[in-house]
Amino acid sequence: RAARRSRGGREVDAGRARGCGGFADLGADMIDIADTIGTGTPRATQAAFEAALKVVPIGRLSAHFHDTYGMAVANAYAALEMGVSTFHASVAGMGGCPYAKGATGNVATEDLLYLFRGLGIETGVDLDTVVDVGQWISGILGRKSSSRVGNALAAKRADAAAKVAA
């Protein structure tokens, strides 16, 4: 069987990495390396990208992480360290995985924007506006946002507004 163990202990199947090359050969602009059930770790993420990089250049790879185990931002950072510059995310961490019980939504856009801001990476996306949208849509849906950053910034704003009103 063509697989190796990553330092994180998860198998990375070399056949799947070769499959990435096949999609590229078919003309796919981007090949998405995804953890759709949210169980990945940073080392497993890097091992997956190392395998894919053997057959696809970094500029054609993107990353997609769910946050079931709270590792999506850490996995995004691990992918970023590998040279990935395209990430999938969703406002307020919405989404899910229909075939994995308990899987949560995508990594929250707000959380990635905060990471990138902290690293000095300019995205051209306004974090405050995304926080507003995340809080708004979460209210419409009657649920709390899954974004830790969005919830923290919203609470900070509410506290500052309450102090001004007092």
Side-chain angles (χ1 to χ4, degrees), residues 6 8 10 20 28-50 52-53 56-166:
S6 75
R10 305 226 359 196
C20 291
D29 293 328
M30 296 295 289
I31 309 297
D32 196 30
I33 305 299
D35 175 16
T36 57
I37 60 173
T39 61
T41 63
R43 285 190 175 158
T45 295
Q46 287 184 330
F49 276 97
E50 285 169 1
L53 282 168
V56 178
I58 194 66
R60 292 180 68 186
L61 294 175
S62 58
H64 177 110
F65 302 108
H66 285 235
D67 204 27
T68 307
Y69 283 72
M71 298 301 295
V73 172
N75 292 338
Y77 184 67
L80 185 68
E81 285 189 319
M82 298 292 297
V84 175
S85 61
T86 301
F87 294 86
H88 299 235
S90 63
V91 171
M94 297 200 174
C97 183
Y99 54 83
K101 284 192 179 237
T104 59
N106 299 304
V107 64
T109 304
E110 302 92 317
D111 296 354
L112 285 186
L113 289 174
Y114 186 79
L115 169 69
F116 297 150
R117 179 195 282 178
L119 294 170
I121 298 171
E122 179 57 45
T123 64
V125 179
D126 183 66
L127 174 59
D128 291 323
T129 300
V130 177
V131 168
D132 291 343
V133 171
Q135 295 298 307
W136 172 79
I137 193 64
S138 295
I140 294 291
L141 295 174
R143 71 177 194 79
K144 185 177 179 180
S145 168
S146 294
S147 170
R148 290 175 183 89
V149 170
N151 291 333
L153 291 177
K156 184 177 178 181
R157 287 183 197 163
D159 186 53
K163 288 179 181 174
V164 168

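Keep in mind that what you see is a predicted model, and the values were worked out from it rather than measured. Numbers for residues simply follow the sequence, beginning at 1.
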Yes or no on side chain to side chain donor-acceptor pair (under 3.5 Å) for Asp111 and Ser147, after CA distance, side-chain angles and deciding distance? CA-CA 6 Å; Asp111 296 354; Ser147 170; 2.7 Å; yes

Given the rule in the side chain to side chain contact (heavy atoms under 4.5 Å, CB included) test, do Thr123 and Leu112 qualify, once you have shown the distances and angles that lead to the verdict? CA-CA 10 Å; Thr123 64; Leu112 285 186; over 6 Å; no

Audit row: Thr68, Ile37, side chain to side chain contact (heavy atoms under 4.5 Å, CB included) steps and yes/no: CA-CA 7 Å; Thr68 307; Ile37 60 173; 5.6 Å; no

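Only one option out of Lys163, Lys156, Arg157 pairs with Asp159 in a salt bridge (charged side-chain N to carboxylate O under 4.0 Å, His left out); it is Lys163.
Closest non-hydrogen pair, Ala63 versus Phe49, comes out as CB-CZ, 3.9 Å. Between Leu61 and Ala52 the shortest heavy-atom distance is CD1-CB, 4.0 Å. The two residues Val73 and Val107 have their closest heavy-atom pair at CG2-CG2, 3.9 Å. In plain terms, the two heavy atoms of Ser62 and Asp32 that are nearest each other are OG-OD1, 3.0 Å. Pairing each heavy atom of Asn75 with each of Pro42, the nearest pair is OD1-N, 2.8 Å. Heavy-atom minimum distance, Ala72 versus Asp67: N-OD1, 2.9 Å.
Residues Leu80 and Leu119 form a side-chain contact, since some pair of their non-hydrogen atoms from C-beta on lies under 4.5 Å apart.
Remark: Phe116 engages Phe87 in a ring pair (Phe, Tyr, Trp, His ring centres under 6.0 Å) (not counting sequence neighbours). With sequence neighbours excluded, the residues satisfying side chain to side chain donor-acceptor pair (under 3.5 Å) with Thr36 are Tyr99. Scanning for ring pair (Phe, Tyr, Trp, His ring centres under 6.0 Å) contacts around His64 gives His66, His88, with sequence neighbours left out. The side-chain contact (heavy atoms from CB on, under 4.5 Å) test applied to Tyr69 returns Thr39, Met71, not counting sequence neighbours. Residues forming a side chain to side chain donor-acceptor pair (under 3.5 Å) with Asp29 (at least two apart in sequence, or on another chain): none.
The distance from the CG atom of Leu127 to the CZ atom of Arg117 is 4.5 Å, given to the nearest 0.5 Å. To the nearest 0.5 Å, atom CD of residue Glu110 and atom CG of residue Asp128 are 11.0 Å apart. Atoms CG and CD1, from Asp132 and Ile137 in turn, are 13.0 Å apart once rounded to the nearest 0.5 Å. Atoms OG1 and CD, on Thr45 and Glu81 in that order, are 11.0 Å from each other to the nearest 0.5 Å.
Under the 3.5 Å distance criterion, the side-chain polar atoms of Asn106 are matched with a main-chain donor or acceptor of Met94. Side-chain atoms of Thr109 come within 3.5 Å of backbone N or O of Ser90 as a donor-acceptor pair. Between the side chain of Asn151 and the backbone N or O of Ser145 there is at least one donor-acceptor pair closer than 3.5 Å.
Each ring pair (Phe, Tyr, Trp, His ring centres under 6.0 Å) pair with one or both residues in residues 136-166, not counting sequence neighbours, would appear here, but there are none.
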